Amino acid sequence: MPGRHTLATKTGPKVPETPRLEMNADSILRDFSRYYGHMLGQRDLQDPSPFVYKSLVYATRDRLLERWKRTNAAINDTDCRRVSYLSLEFLVGRLLRNALFNLDIDKTAADVLEKAGMDLEEICEQEHDAGLGNGGLGRLAACFLDSCATLRLPVVGYGLRYRYGMFHQRIEGGYQVEAPDPWLRDGFPWEVERYELAQLIRFGGVSEPYQDENGRLRHRLIATQDVLAIPFDVPIPGYRNNVVNTLRLWSSAATDEFDLEEFNAGDYSEAVAAKNAAENITMVLYPNAVTETGRELRLRQQYLLASASLQDTVRAWCERHGDDFSEFAAKNCFQLNDTHPAVAVPELMRILLDEHGLEWDDAWEITRQTMAYTNHTLLPEALEVWTESLFARLLPRILEIIHEINGRFLKELGERWPGDDDRIRRMSLIGEGHESVVRMAYLAIVGSYSVNGVAALHSQLLQDGLFNDFYQLWPERFNNKTNGVTQRRWLAACNPGLTDLINSKLGDGWVTNLSELEGLREFADDAGFQAQWQSVKLQNKRRLAALIEQRCKLKLDPTMLFDVQVKRIHEYKRQLMNLLHAVHLYDRIVRGDAKGLVPRAIIIGGKAAPGYEMAKAIIKSINSVADVINNAPETEGLLRLLFLPDYNVSAMEVICPAAELSEQISTAGKEASGTGNMKFMMNGALTIGTLDGANVEIREAVGADNFFLFGNTVDQIAAIKPGYDPNAIIAADPDFSRVMKLFEDGHFDGAEEGIHQSVLHAIRNPHDQWMTAADFRDFVDAQQQVNEAYKNHANWTRMSILNTASSGRFSTDRTMQDYNRDIWKTDPINPDDL
Ligand code: 26V
């Protein structure tokens, strides 16, 4: 059968049941020692070593895998609807601490190691971050997996096993330097290779029509270049519930037949070259860049993920139901994480039509009832399109199917809006410019039964703006699912001090029911509790100060106000405005206008896409200004500015417990949701923010009094845009003028004259899309309110407690319940019933 290439063996007698592994110290120590000595061949304990780390992972993984098998058996037994979460990114980070914690053996493991003179925390630090994502979108997918397993939802994550994850960032002379991330170099002990489930992925070739034995017109692909997709499974444990779900990551490889033929023909180098080409596909994660090169490989990645994952689910379906697809849509759902996997829509059509002989209407009905699409951005430049010519070369049959979908869709539009050619042209899946392109977001909408945004404001703006034509056509498809974060990683595991304090008052029910944190309100005014709260925060600030000292060679006084902005560097996130504020404070200090100023450390971190020049210029500017500020004698004890290199998941686990002020200062209408904002809130930081993304809901939840609001709203931004005159705004504001003058006089240039030019030009540009100047004054005033509020320690602490107390709805447990209630409609599984 073309396109189906599984190496599945026939099932034989079951492996005899082994007794369940015990979870006590003796049993864990026994397994640990066996792996250390027998599998890894080590003799004396070396602490902390990669071998200690690996042995502990294997002992843990054994306990995961027996639960994993039971979970899979429970899913098969109940025949419930299965959800596949398709995502090009899963930014899971480190897994050991999370696995021990979710299995409830973290304390036991720590004791076992301590008796042997080792420290669990240090061993956890041995693990490389699995950085298979860029930022919020990829981390969201990872939080979703944790919550789905905890909620017992039968959800499989499908992604790619990139050989190189998110690049590492070093700062040299103030500039970002990228280094590759060979995270698999020492092996990834969590994964299980499943070569028997490999899938054949076919690129290129020619789509050939033919008549089948019943005289029906069918299509087949000939002369394709084939690649193997090999799955590697990563177990995803739920929180103390015996559920272990699957993250299935595909790795590309050359097909063995392909290689053999070439070898037989004696063409050794051709064979090796082909092998390289195949292996290249999943070589590297693409950074979100404004100008993306190497586009072809990226489309190959997208198709490989979509095709392998769909073939995998269809294979599992056919094993149980043969070629009867009547219930397929009732039992399967594919959630598309942005448009990156949207080629799944025509790919499912291809599988149903060409490989299983379904009629178009039946195949379309099934596809439309299984696909659901999540949008993650309103930025027009981030909306994916692929040229038709690339599609024609790489995926000819898929392009044919897209044309057929579009033809039928445009006909439907013609009937609904006769003669409205403008609208029909606007909505076409094919955009006609100087080169015609496939619009992936439109393809995803047309092929789905659900389209959602990721925060209330964002979903509203999708309906009113970007997707308004589609909303008018199918209002019932559109819905909101506000993002969240998992409190298991982002509070319980990363902030043990606060966890113990909360547990002492509320117990630990909040670990699976975050709204129980509401119970903290009662203690918000309790002076004793406030003191304990402050002392935990101070401890966490010390921990972050140590990290900063190690990475930046800069000592921070932990009693300063920790003012933090960490996220990808992008103009719309306005790290520049934060920098302008830092310069404003510096200016006040050197002018002797520092009376009443609270000592403050402004901490900025994040990676710039390697091809995004403006983002890189922003990093350089931050570092140049930091150099001047941190070396000026006047700022001693009053102001520090620093850029923390290589921001990633593990760094955030140290940063968010220590933050006191969370900077969420994007131009209104540009940040779809944000999730860092939620991590900070959960850990008791106060937010200074615009009415953008989920900030709106954060402010609603905590109350306007406990949130520092500033900036133009979406409507105001739209209203002032036409006459926007940043130069007039600067001229009319003495503070702003002085800040710009310091820059323009070269005060922060060091030896590199004119180094800030592009950045300053952007601020003064009347066409500045991000309108930094428009919000500067209001931002500075809001920061002054922060300054005043921080002086009242008791009240600040009260607000901090209220932020944590109000963060309940920003758990991905709530988000996943919402997805399941409105979109997936599946039932929880129960492996304990087996
Ligand atoms: C992609 C690109 C690609 C080229 C042009 C510049 C650009 C800018 C942004 C993006 C990101 C698109 C998708 C994304 O990562 N969205 C993020 O998703 C998070 C999870 O829903 C959400 O919290 C963030 O607000 C949103 O930016």
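Just so it is clear, the model here is predicted, and its values are computed rather than measured.
Ring geometry for Phe776 against His584 counts as perpendicular: the plane angle is over 60°, on a 0 to 90° scale with 30° as the lower cut. Between Phe144 and Tyr85, the two ring planes are perpendicular [angle over 60°; tilted spans 30° to 60°]. The aromatic rings of Phe101 and Tyr239 sit tilted, their planes meeting at an angle between 30° and 60°.
When Thr815, Thr486, Asp813 are each tested for a side-chain hydrogen bond (donor to acceptor under 3.5 Å, both in side chains) with Ser147, only one passes: Asp813. The side-chain hydrogen bond (donor to acceptor under 3.5 Å, both in side chains) test with His458 is passed by exactly one of Thr377, Asn480, Asp692, Asn375: Asn375.
Within a 6.0 Å sphere centred on CD of Glu518, heavy atoms belonging to other residues, nucleotides or ligands number more than 12.
For the residue pair Arg640 and Thr635, a side-chain donor N or O sits within less than 3.5 Å of a side-chain acceptor on the partner. Remark: the Asn503 side chain and the Asp508 side chain contain no N/O donor-acceptor pair separated by less than 3.5 Å.
Phe562 carries Lys541 over the face of its six-membered ring, with the cationic atom under 6.0 Å from the centre and within 45° of the normal.
In this structure, Arg574 does not pair ionically with Glu663, as no charged nitrogen and carboxylate oxygen lie closer than 4.0 Å. A salt bridge between Arg600 and Asp563 is present, with a side-chain N of the basic residue lying under 4.0 Å from a carboxylate O of the acidic one. Lys505 has no carboxylate O lying under 4.0 Å from a charged side-chain N of Glu522, or vice versa, which leaves the two without a salt bridge. In summary, Glu127 and Arg97 do not engage in a salt bridge, as defined by a charged side-chain N under 4.0 Å from a carboxylate O. Ion pair Lys481/Asp822 flagged as a salt bridge, since at least one NZ, NE, NH1 or NH2 atom sits closer than 4.0 Å to an Asp/Glu carboxylate oxygen. The pair Lys107-Asp111 does not count as a salt bridge, with every side-chain nitrogen at least 4.0 angstrom from each carboxylate oxygen. Under the 4.0 Å criterion applied to side-chain N and carboxylate O atoms, Asp646 and Arg551 are not assigned as salt-bridge partners. Taking a cutoff of 4.0 Å between a charged side-chain nitrogen and a carboxylate oxygen, Arg94 and Glu653 do not qualify as a salt bridge.
Scanning both residues, Lys537 and Ala659, for their nearest heavy atoms gives NZ-O, 2.7 Å.
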